[in-house]
Amino acid sequence: MEKRTTKVHIPFFRSIHFKIPLVFILLLLISLQLVGAYFIRQLESEMLVSFDDRIATQTHFLEDNVRGILQNDSLEQSEKNDQLNEVLKQFNNSEIIETQVIDDNAFLLATSNPTNRGLIGQRSTDKDVEQTIFTALQTESEGYNSEKSLRMKKYVFPVFSGDNSGSVIGVINLRVTLESVYAQVQRIAIIYITSSIVSLIFAIFLAFFISRGITQPLQAMKDQADQISEGDYSGQVKIYSEDEIGQLGNAINYLSVRVRDAQELTEAERQRLDSILKHMTDGVIATDRRGKVMIINDAALMFINAVREDIIGESIIDVLKLNGRYSFRGLFDEQESIVMDFSTEEQESLIKGEYSVIQRDSGFISGLVWVLTDITEHEKIERDRRQFVSNVSHELRTPLTSVKSYSEALSDGAIEDKEIADEFLTVIQTETDRMIRMINDLLRLSRMDSGREDVLPELTLFRQFVDYTLDRFDMMMTKDDDMHIEIKRELTDEAILVEIDQDKMMQVFDNIINNAIKYSPDGGTITVRLMTSNDEVILSIQDEGLGVPKKALPHLFERFYRVDKARSRAQGGTGLGLAIAKEVVELHGGRIWANSIENIGTTFFIALPIETLGGEDEWVDEI
């Protein structure tokens with residue numbers, strides 16, 4: 001047995017009595033830094049939010065005054081401008097740099113800045129103002145005025161009409177300074193730093209006091225370890241220091257040999273179990289005999305959308321949300337698979353749970369082991385399959401019933417009457433054509449779903465492509481005397497390059513414009529707009545039809561979905577056109593969506609990525 005070495009004197013700066021306060025102080029400094037950064041950041045964020053709310057509240061009062069003036073038809077335009085300027089003068093305060101009132105045609109009506117009064121009556125070129133008029137949505141942006149060294153924020157609020165149409169009759173363009181907010185944040189930050197310094201000085205004295213209370217028990221534990229280490233234990237723990245912890249390590253060396261082999265075996269088993277649980281695609285949960293969670297792997301945490309620290313020690317009934325369905329004791333009697341719903345508003349999640357009882361030979365129950373399997377995709381596929389079969393059956397049954405009925409009528413003698421026979425055969429041919437169109441659409445969707453639909457993209461000047469498409473419809477409506485619908489164009493003059501398969505994108509435009517024509521009243525107008533936003537080009541097609549109910553909008557691009565089933569079938573629709581349009585647009589890396597107001601109309605939007613050639617502007621001009 002190795003003899004104990006004599007106790008040596010440890011210099012103060014190498015002792016744990018010095019290291020503990022040092023670590024404590026460093027941790028405190030780091031904590032103060034992190035907490036301070038977080039506190040100041042959150043304070044700044046909250047104060048900016050409070051500032052936004054205050055500005056919004058003030059602007060609502062201004063909006064009511066502006067709306068009343070704009071909708072007062074008894075006033076001349078000059079009188080309206082004077083009244084608006086007077087309202088803005090009363091609304092002005094130290095935080096507001098300038099307030100402008102702009103009508104729905106982007107013309108400046110009033111401003112609180114006297115130097116800009118000469119601009120009244122001119123059209124605003126502010127992109128945010130144009131966007132707010134077009135989208136009817138509030139916009140915000142922050143900036144910095146280097147000349148005046150001011151941090152500023154701009155708010156653009158739409159002014160809606162007082163009736164139920166919800167149309168935009170004007171815009172309030174408000175620029176404010178944020179310097180008061182940041183000055184207040186700075187004052188609070190100085191108070192926090194001062195308080196932190198005082199706290200740090202107090203903590204230094206406290207740390208040395210606590211350190212003395214820690215080192216004395218450590219010395220006692222070292223002495224006790226010396227007694228336990230009287231056994232013959234070989235093997236040494238490498239010692240890196242000569243402080244109290246190092247001396248305690250020398251004592252523990254006498255104990256390490258006894259437990260080393262058992263510890264290595266236990267650790268190896270634990271690592272194998274951890275590796276198995278970590279790499280399993282199924283979730284695994286183990287409980288004790290009281291139903292408290294003891295072990296849970298990453299897959300199970302992902303399935304139930306939880307954090308390990310929040311789950312360990314909790315009841316399995318609470319963790320799996322089985323309250324009201326099962327009790328822990330009842331699980332021992334059932335022992336059958338359970339389907340659990342962990343769906344959220346953003347994502348559907350169905351989990352199948354199977355479990356078994358951990359029971360010793362003596363009959364003592366140690367707990368439960370659960371295996372969780374994600375069956376969301378399986379259930380979704382099965383549901384979609386049932387819905388698809390039901391939809392196809394329903395859609396084919398109607399034309400097949402018509403064909404059968406008219407065929408039986410011809411067989412029963414109607415074929416002898418040539419006029420009736422021709423009418424019946426026309427109906428049979430129409431229904432047959434509709435079934436063929438439906439099957440062709442289904443085959444096309446199937447190719448898209450399986451990735452077998454070929455896309456042949458080519459660089460295209462998008463504005464010219466849209467003009468070409470609309471020219472075709474103009475020609476069609478010119479030749480058709482029964483069609484009195486105007487197509488209005490509001491297209492940007494920019495040279496926009498996109499990479500598209502022209503044939504497929506032409507089919508998308510044809511489908512949407514044909515729908516707009518079908519559902520537009522006689523004498524109505526279809527408005528086609530083209531604009532750019534960031535790195536996308538956005539095409540909107542707006543009709544003046546009956547519109548789509550709000551609850552139907554999320555289902556508009558689903559297969560076989562029709563808002564008005566009777567009218568759609570009467571006009572020959574298959575219910576697959578918009579689904580195909582969505583698939584085609586997404587194949588091009590774009591987006592498609594719709595907005596609608598009942599009895600006013602529907603607007604379809606198509607957004608496609610813009611191609612940038614970089615340095616080849618001359619080539620674009622030549623095109």
Side-chain angles (χ1 to χ4, degrees), residues 23-24 27-28 30-32 34-35 37-39 41-42 45-46 214 259 262-383:
V23 171
F24 183 82
L27 287 176
L28 182 60
I30 294 173
S31 300
L32 288 174
L34 294 177
V35 171
Y38 177 79
F39 170 76
R41 183 64 180 269
Q42 286 296 109
S45 177
E46 290 296 329
I214 293 175
V259 298
Q263 183 67 23
E264 288 178 354
L265 179 61
T266 302
E267 183 66 18
E269 293 294 334
R270 187 188 65 80
Q271 289 179 357
R272 280 196 289 269
L273 178 60
D274 288 346
S275 180
I276 292 172
L277 293 177
K278 183 177 181 180
H279 293 90
M280 286 182 66
T281 56
D282 290 337
V284 177
I285 304 177
T287 74
D288 60 12
R289 61 190 182 91
R290 293 183 177 84
K292 305 296 183 182
V293 176
M294 303 299 295
I295 298 174
I296 184 169
N297 68 347
D298 294 341
L301 290 171
M302 181 181 66
F303 290 162
I304 65 177
N305 192 24
V307 180
R308 190 184 307 275
E309 289 74 13
D310 297 337
I311 297 300
I312 298 299
E314 296 295 322
S315 170
I316 189 67
I317 299 296
D318 295 333
V319 169
L320 297 182
K321 301 179 181 178
L322 299 177
N323 306 63
R325 297 174 58 188
Y326 299 92
S327 65
F328 182 66
R329 186 175 296 275
L331 293 175
F332 293 99
D333 300 328
E334 296 289 340
Q335 295 194 26
E336 61 182 14
S337 61
I338 300 173
V339 176
M340 296 161 287
D341 189 352
F342 287 92
S343 301
T344 62
E345 294 181 359
E346 296 79 17
Q347 185 177 7
E348 181 182 10
S349 178
L350 295 176
I351 306 299
K352 178 182 178 183
E354 297 178 324
Y355 63 95
S356 60
V357 179
I358 305 174
Q359 190 171 10
R360 300 177 186 174
D361 294 337
S362 61
F364 180 80
I365 295 177
S366 302
L368 298 176
V369 173
W370 285 76
V371 177
L372 307 181
T373 306
D374 188 353
I375 60 171
T376 306
E377 193 63 28
H378 177 270
E379 290 295 319
K380 183 178 180 181
I381 292 173
E382 183 64 23
R383 183 172 63 248

Determine whether a donor-acceptor pair (N or O, by modelled atom type, separation under 3.5 Å) exists between the side chain of Asn297 and the backbone of Val284.
yes
Nearest heavy-atom contact between Ile316 and Val293 is CD1-CG2, 4.1 Å
For the residue pair Val319 and Phe342, what are the closest heavy atoms and their distance?
O-CE2, 4.0 Å
Output yes when a side-chain donor or acceptor of Ser45 lies under 3.5 Å from a complementary backbone atom of Arg41, and no otherwise.
no
Roughly how far apart are Thr373 OG1 and Leu350 CG, rounded to 0.5 Å?
12.5 Å
Salt-bridge present (Arg308, Asp298; N to O < 4.0 Å)
yes
May I ask you to test the Leu320-Ile304 pair for a side-chain heavy-atom distance under 4.5 Å?
yes
Quick check for you: to the nearest 0.5 Å, what is the distance between Ile312 atom CD1 and Ile295 atom CD1?
8.0 Å
Rounded to the nearest 0.5 angstrom, the CG-CD1 distance for Leu322 and Ile317 is 5.0 Å
Hey, is CG on Asn305 packed in by over 12 heavy atoms from elsewhere, all under 6.0 Å?
no
Can you tell me how far CD1 of Ile351 sits from CE of Met302, rounded to the nearest 0.5 angstrom?
8.0 Å
Closest non-hydrogen contact found for Leu301 with Ile311 is CD2-CG1, 4.2 Å
Specify the closest pair of heavy atoms between Ser343 and Ser349, including all atoms of both residues, with the distance to one decimal.
OG-N, 2.9 Å
Give me the atom names and distance for the closest heavy-atom approach of Glu354 to Ser337.
CG-CB, 3.6 Å
Taking all heavy atoms of Tyr355 and all of Leu368, pick out the closest pair and write down the distance.
CD1-CD2, 4.2 Å
Output the distance between atom NZ (Lys352) and atom CD1 (Ile338), rounded to the nearest 0.5 Å.
11.5 Å
